[in-house]
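Shown next, in structure tokens, is the structure this report addresses.
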Amino acid sequence: MIRLGIIGSGTGSNMWAIHQAITSGQLDAQIVTVLSDQPRSGILEKARSADLPHAVIDCAPFKQKFSPEAQLRTVQLLQDADVDLICLAGFMRIVGHPLLDAFPKRILNIHPSLLPAYPGLAAWEQAISDGAEKSGCTVHYVDSGIDTGGIILQKEVALRPNDTAETLHARIQAAEHIAYPEAIALVASHL
Ligand code: GAR
């Protein structure tokens, strides 16, 4: 059974979708650690509520930067939990070499667009202001670029004429919750 480490900064709805896919028997995996750089984040609250092992990544003194030292602390936490695969789920710091080198081809990310379209922040807003007809989500391997790693799986979401950033993001998130467990199963079948 594949051992997952999940890292996020936000509400943790993707972590929860993965957890539910496991508890419902759809995904043969185990969440062995949930890590966050935000001590009061929803993702840690959800991990606590489900009795999942969890910890805070100390990123001080930086608000946005993921320093090499903080990355090495993260490597230690992930190695201590003996993870097979790492899933970034709304983690808002840029992962660099200390972490990538410790887990080559073992770090996945979910992004709220059909990459390579709309990389970076608030991809759903980018799709709306671009007048796109469709967007969606992408699960991809993490490399040293921003949202540039090899694509594992994508799900399309059609834009509607009256879409706002909020309504589109909500539909993309619903697609993410299906895509992430599927992508993990796909990757696990090749490990
Ligand atoms: C997700 O929509 C994810 O695609 C996005 O953050 C959200 C986290 O939600 N990630 C990015 O924008 C990364 N560039 P969650 O905390 O509810 O899973």
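Both counts, for ligands and for their atoms, begin at 1 and track the order of listing.
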Ignoring hydrogens and angles, write down the donor-acceptor pairs under 3.5 Å from the side chains of residues 46-54, residues two or more places apart or on other chains.
residue : atom : partner : partner atom : Å
K46     : NZ   : T11     : O            : 2.7
S49     : OG   : K46     : O            : 2.8
H54     : ND1  : L52     : O            : 2.8

For H169, the ligand 1 atoms whose distance to one of its heavy atoms is below 4.0 Å: 2 (O)

Residues in side-chain contact (heavy atoms from CB on, under 4.5 Å) contact with P116, at least two apart in sequence or another chain: none

Heavy-atom nearest neighbour of atom 6 (O) of ligand 1 within options G90, S41, A17: G90

A123, A179, G12, P112: member with heavy atom nearest to atom 12 (O) of ligand 1: P112

Short N or O distance, N14 and ligand 1, threshold 3.5 Å exclusive: yes

N or O pair under 3.5 Å between D147 and ligand 1: no

Whether I43 lies under 4.0 Å from ligand 1, heavy atom: no

Side-chain (Q154) to main-chain (L115) donor-acceptor, under 3.5 angstrom: yes

Protein heavy-atom partner closest to atom 14 (N) of ligand 1 - residue, atom, separation in Å: H111 ND1, 3.4 Å

Contacting atoms of ligand 1, where contact means under 4.0 angstrom from a heavy atom of T11: 15 (P), 16 (O), 17 (O)

Atoms in ligand 1 flagged as close to Q173, the criterion being non-hydrogen separation under 4.0 Å: 1 (C), 2 (O), 7 (C), 8 (C), 9 (O), 15 (P), 17 (O)

Identity and separation of the nearest protein heavy atom to atom 4 (O) of ligand 1: E176 OE2, 2.4 Å

Test item: R73 side-chain N/O and C59 main-chain N/O as donor-acceptor pair under 3.5 Å: no

Side-chain donor/acceptor of R93 to backbone N/O of K63, under 3.5 Å: yes

Parallel, tilted or perpendicular: rings of W124 and H169 (30°, 60°): parallel

Other residues, nucleotides, ligands: >12 heavy atoms within 6.0 Å of L186 CG: yes

